[in-house]
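Since we're looking at a predicted model, the values are computed, not measured. Note that ligands are numbered from 1 as they come in the structure, with each ligand's atoms numbered from 1 the same way.
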Amino acid sequence: MEVGEPDFEPPAAAIEAAAAALRDGPTEYTSSRGKQSLRDAISDYYDRRYGVDVPAERIIVTPGSSPALLLTMLSIVDPGEEVVLTDPYYACYPNFVRQAGGTISTVPLDPDAGFAPDVDEFRSAITRDTAAALVNSPSNPTGAVMSGDSLEAIAERARRTDTRLVSDEVYHGLTYDDDEHSVLEYTEDAIVLDGVSKRYGMTGWRLGWMVAPPDLVETLNRLAQNIVICAPNHVQDGAEAALRMGDDWLDGIKETYRERRDFLVDAADDLGLSMDYTPGGAYYLLLDVSHLPGDAFEVADVFLEDAGVAMTPGPDFGEGAEDTLRASYATSTSDLEEAVSRLDELLSQTAI
Ligand SMILES: Cc1ncc(COP(=O)(O)O)c(C=O)c1O
């Protein structure tokens, strides 16, 4: 229950397309922006899912969304400049910001609000001195999903203060209650990062993309050209096949995740580890371990050593997750059941 890797197979159509491309070629470098046919498929995806027109010229394909995050920070943050994040945050964000010489300023999230950002607080953290603000919905590590209104209000604040807005939408498609919204519905000035890793179970394929605002496309492409050259040729064909399948493919998987989430939320309650919230997306749940002996790293060690249950220590995700563990339910239902039963036994002993 530690890593955030989907436990389902990639779509057969993606495997077929990538295998055929490897077999039949061509396998040389592609354009650094990505193959035209893949960028067209991504553009169609935004039209189909969100009703927004994203011309292929604004899409740059990268080997996963992680390099896209780095390229983004390198292009919009100068040394000493500040980037606003929510806390808890995805563990790698501060590292990308630091790599560009920037600093982070965090807006704490409230578990009682289900870790949804307080929009007024987030907006007031964005000033004329802010280089960029980064949002991530559905979120890693909380699983919280932001409403369209929140995204719109933040986009408006970013526009007024001349701040670059970055939206990490890599968990889009994996929401279980409400509709999800892309920030692109409200602005074309945001930089949006996404990819096939989480939605299609294709983490190791390494395929992501960024949607760039018109004024940043050339800069980002120049950086991409120099630093990553291009995403793997055959993988681009596999990703295109996945994107062309339509969105029904995910229905069964989403249902499974929803059932696991509900199971885990109830189990957390029974185990006395609940933070009293139900995440709306991704496949993570933060658990409260503040009442157990030791810090979160020590509790994680005890869970692992004594129960054989692996979870990620919350402090990796910022001060706001200090006394928590992140449980991932991207693991089989039977393993989740086994883990809960082992933790139940462990926690009923007086030693912990
Ligand atoms: C919030 C978030 N963004 C980005 C990534 C990176 O994904 P990838 O580089 O596989 O596209 C991850 C991976 O766990 C993530 O959780």
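Side chains of H172 and Y45: no donor on one and acceptor on the other come within 3.5 Å. Under 3.5 Å, the side chains of Q36 and D40 contain a donor-acceptor pair of N or O atoms. D288 and S290 form a side-chain donor-acceptor contact under 3.5 Å, judged by distance and modelled atom types alone.
With Y93 as the partner, the side-chain contact (heavy atoms from CB on, under 4.5 Å) test is satisfied by one option alone out of D168, V83, N140, I104: D168. Checking each of T331, V340, L285 against M1 for a side-chain contact (heavy atoms from CB on, under 4.5 Å) leaves exactly one that passes, namely T331.
A tilted orientation is assigned to the rings of Y283 and Y257, their planes being inclined by 30° to 60°.
Sorted by chain and number, the residues within 4.0 Å of ligand 1 by heavy atom are G64, S65, S66, Y90, Y93, N136, N140, D168, V170, Y171, S197, K198, R206.
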